[in-house]
Amino acid sequence: MSVTIISGGFWGDEGKGKVVAYLAYHDQVAIAARAGVGPNAGHTIEWQGERVVMRQVPCGFVAPEARLLIGAGVLVDPRVTLAEVERLHIGSRMGIDPQCTVILPEHIQIDRNSSHLREEVGTTGTGCGPANEARVRRDTLLAKDVAELKPFLSDVALEINQAIKAGKNVLIEGSQGFGLSLYHGTFPYVTSKDTTASAFCMDVGIGPTRVTDVMLVFKAYVSRVGGGPFATELPLEEVERRGWSEFGAVTGRRRRIGEFDYQIARRSTMINGATGICITCLDRRYAEAFGAQRLEDLPSEAREFIEKVEQETEVPVTLISTGPQYEHIIDLRGN
Ligand code: IMP
Ligand code: MG
């Protein structure tokens, strides 16, 4: 039995989608639940030869039997959610908590028209901040108030707690990353909520005593979109020279890119209470690592990098992603 939280270690876009898809399918989880802020996230996976960007439905949909749940703490944009449900034909497995805050067109308008949010903070313009403001003001609609969401409503907290009691495997998918936390991140260049493991418990309605594993995901280099401090940021020419250019899955914006930041990694590990670390995109840092499935198949510099991450964070690296596809992974759990 495991109750695993997946959490982002830097500023989001660490490759959580791929990791969630791998764990959900490999461990045949009974429940894949989406925690985190809302559709400001874009979790990319490659599945059955197709590249899919998930903004609301958990990436754990790849496990054919898994219930797919969205916890009460997560913002729901009905248009985005229904499009994903339809596209993936997973309606019968979907459960949305009646208490989820709904993103309304006016929230998107406010997000896009506010120069503070759009230009200074550099939000994704998906209405998340204004919708959370409306929730705090206690003046907005919840999922239970939206006719199109009715077929999917389910008491998510109850479902998850019952599954845990029955000894089933549960996977909780957080979104964004440590540096974007409203409380622990680089305020005011942050998102509208906490983005660490404690918040993800709250989002889906489980107590911290129920969690068995917190898997913290770091990319082998760092990316950040939007404004704000970034100590290890590299100049564009250097980013291009290293082949590390990236563009946002939701907004299409060019991501700022930098070197791995051990200082933030240590703090993020501490605040998330990480029990294991996952390193993604190792192949983008060490081309020879591409597709490796065993530690022995990594070039020695890549193994040294993994060891350094373990020394600095004092937490074992238990998963290493070496390419975009499901089988491009080194799974060291249980070793
Ligand atoms: P908001 O969450 O749309 O309000 O945006 C606030 C800040 O968080 C901006 O810097 C966004 O670029 C950043 N952000 C929000 N969601 C994500 C994400 O999923 N990945 C990376 N950055 C994000
Ligand atoms: Mg993303």
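All values below were derived from every heavy atom in this structure, side-chain atoms included, with hydrogens, water molecules and symmetry-related copies excluded. Keep in mind that what you see is a predicted model, and the values were worked out from it rather than measured. Counting starts at 1 for both ligands and their atoms, following the listed order.
Looking at every heavy atom in both residues, A163 comes nearest to I31 through CB-CD1, 3.5 Å. Closest of all the heavy-atom pairs between E327 and Q293 is O-NE2, 2.9 Å. Listed here is the closest heavy atom pair of G9 and I264: O-CG2, 4.2 Å.
Protein N/O/S atoms found under 2.8 Å from the Mg ion (ligand 2): D13 OD1, G42 O.
Protein residues lining ligand 1, listed by chain and number: W11, D13, N40, A41, V121, G122, T123, T124, Q176, L180, V190, T191, V225, G226, R253 [non-hydrogen atoms, distance under 4.0 Å].
In summary, D27 and R333 engage in a salt bridge, as defined by a charged side-chain N under 4.0 Å from a carboxylate O. Between R55 and E84 there is no salt bridge, since none of the side-chain N atoms of the basic residue sits less than 4.0 Å from a carboxylate O of the acidic one. Using a 4.0 Å cut-off between charged nitrogen and carboxylate oxygen, E246 and R284 count as a salt-bridge pair.
With F305 as the aromatic partner, R285 meets the cation-pi criteria of under 6.0 angstrom to the ring centre and within 45 degrees of the ring axis. Figure legend: cation-pi geometry between K219 and F10 absent, as NZ or CZ is not positioned both under 6.0 Å from the six-membered ring centre and within 45° of its axis.
A donor-acceptor pair is defined here as one N or O able to donate and one able to accept, closer than 3.5 Å; no such pair exists between the side chain of S321 and the backbone of T280.
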